[in-house]
Amino acid sequence: MMNNTNHPFHLVNQSPWPLTGALGAMIIMLGMIKWFHQQDETLLITGFMITMLTMIQWWRDIIREGTYQGLHTKMVTKGLRWGMILFIISEIFFFISFFWAFFHSSLTPTIDIGSLWPPKGILPFNPLQIPLLNTVILLSSGVTITWSHHSLMENNFNQTLQGLFYTVIMGIYFTILQMYEYMQSPFTIADSIYGASFFMSTGFHGLHVIIGTTFLITCLMRHTFMHFSSNHHFGFEAAAWYWHFVDVVWLFLYISIYWWGM
């Protein structure tokens with residue numbers, strides 16, 4: 001029910017989803033520990049189910065508030081934009097820490113790893129094989145999401161749908177290729193600082209690709225239900241910003257870790 005107010009802000013109602021989301025995250029963490037030590041994934045699956053149900057119901061409430069109740073005014077949308085910008089900046093610094101660790105070890109390799117980079121015994125990936133293909137895929141997905149965004153601003157429903165669909169497909173394809181690359185890896189996360197920095201940086205980037213793909217799938221579903229218009233589509237715009245951030249981080253990863261650090 002829409003409330004009559006004399007201000008443009010949205011005072012949110014009480015919600016159980018922050019609590020259930022926190023519980024889901026905690027259960028996932030405990031489930032991973034149990035899985036590592038006891039090879040029992042029951043608690044981990046339970047945590048994922050709680051988190052997924054929280055996401056579905058929390059996003060449902062936000063869609064209801066912004067699309068049907070008209071509570072996302074220009075002032076509220078401005079706040080959401082700044083929130084997304086600051087969130088992406090925090091993610092940039094998150095990845096800076098991994099690049100810092102990588103360059104600290106690669107530019108001045110210590111005697112502990114043989115004063116060599118890559119360390120002796122490490123066989124790096126060929127940057128002209130799967131890594132290059134994944135680079136082409138992500139750059140192409142950046143083009144298709146931009147095409148979709150511009151089509152939405154021009155009220156072209158079909159081209160927006162096509163651009164979003166192709167972007168989702170390429171995001172899924174990227175994840176499958178990265179999984180295959182990990183399965184074929186000649187080294188592990190336990191193989192010195194090289195293995196640790198490689199799998200931490202590329203693994204967290206892969207997680208961000210999965211999260212971004214989830215955002216885009218949600219936008220694809222919302223677009224089919226006609227939730228977006230040319231002047232009211234911040235959910236789509238935020239997902240596109242996030243996807244471009246994922247693209248740029250991958251370019252830095254490819255250049256520094258796959259190509260320069262081989």
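Values below: all heavy atoms of this structure, side chains included; hydrogens, waters and symmetry mates excluded.
Taking each heavy atom of L220 and F165 in turn, the nearest pair found is CD1-N, 4.2 Å. Here the closest heavy-atom approach between residue G235 and residue C219 is recorded as O-SG, 3.7 Å. The two residues T146 and G142 come nearest to each other via the heavy atoms OG1-O, 2.8 Å. Contact between G203 and Y182 at its shortest, heavy atoms only, is N-OH, 3.0 Å. Minimum heavy-atom separation, V168 to T213: O-CG2, 4.2 Å. Annotation for F36 and Q39: closest pair O-NE2, 3.1 Å, computed over non-hydrogen atoms.
Using a 4.5 Å cut-off on side-chain heavy atoms (C-beta onward), K74 and K78 make no contact. The shortest distance between side-chain heavy atoms of L161 and L164 does not fall below 4.5 Å. Proximity of W17 to W59: side-chain heavy atoms (C-beta onward) are nowhere separated by under 4.5 Å. Residues E181 and F125 have side chains in contact (heavy-atom distance under 4.5 Å, counting atoms from C-beta outward). Within the 4.5 Å cutoff, the side chain of L152 has no heavy atoms near those of the S230 side chain. Here the side chains of F204 and F199 are not in contact, with every heavy-atom distance at 4.5 Å or above. Between L138 and M170, the closest side-chain pair of non-hydrogen atoms is not below 4.5 Å. In this structure the side chain of D247 reaches within 4.5 angstrom of the side chain of S141, judged on heavy atoms.
Comment: E237 engages R81 in a salt bridge, judged by a side-chain N to carboxylate O separation of less than 4.0 angstrom.
Interatomic distance, CD1 of I255 versus OG1 of T135, reported as 8.5 Å (0.5 Å rounding). Rounding to the nearest 0.5 Å gives a distance of 14.5 Å between OG1 of T218 and NE2 of H223. Rounded to the nearest 0.5 angstrom, F234 CZ and F228 CZ are separated by 11.0 Å. With values rounded to the nearest 0.5 angstrom, I257 atom CD1 is found 5.0 Å from L253 atom CG. Note that the CG atom of L207 and the CD1 atom of I210 stand 6.0 Å from one another [nearest 0.5 Å]. Note: I122 CD1 to L116 CG = 11.5 Å, rounded to the nearest 0.5 Å.
With ring centers used as reference points, F215 lies 6.0 Å or more from W243. The six-membered or imidazole ring of H227 lies near that of Y68, with a centre-to-centre distance under 6.0 Å.
Think of I45 as one node in a network of Ile, Leu, Val, Met, Phe, Trp and Tyr side chains linked at under 4.5 Å; its network also takes in M49.
By the ring-ring contact (aromatic ring centres under 6.0 Å, His included) test, F103 is found to be paired with W260, residues two or more places apart in sequence or in another chain being considered.
More than 12 heavy atoms of other residues, nucleotides or ligands lie within 6.0 Å of OH in Y254, so this atom counts as buried by the packing criterion. Remark: F94 CZ is packed, more than 12 non-hydrogen atoms of other residues, nucleotides or ligands lying under 6.0 Å away. Within 6.0 Å of atom CZ in F157, more than 12 heavy atoms from other residues, nucleotides or ligands are found, so the atom counts as buried in its surroundings. Other residues, nucleotides and ligands contribute over 12 non-hydrogen atoms within 6.0 Å of the CZ atom of F95.
Put simply, the side chain of S148 gets close to the backbone of T160: a donor and an acceptor are under 3.5 Å apart. No donor-acceptor distance shorter than 3.5 angstrom exists from the side chain of S105 to the backbone of F102, with no hydrogens or angles considered. Judged purely by atom type and a 3.5 angstrom limit, Y194 has no side-chain atom pairing as donor or acceptor with the backbone of I113.
By the 30° and 60° cut-offs, the orientation of the rings of Y242 relative to H208 is parallel.
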With ring-ring contact (aromatic ring centres under 6.0 Å, His included) as the criterion, how do F252 and H205 come out once you've worked through the C-alpha distance, each side chain's angles and the decisive distance to 0.1 Å? CA-CA 11 Å; F252 280 99; H205 177 268; over 10 Å; no
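Listed by first and then second residue, the ring pair (Phe, Tyr, Trp, His ring centres under 6.0 Å) pairs that reach into residues 126-153 are H149-H233, H149-F236, sequence neighbours excluded.
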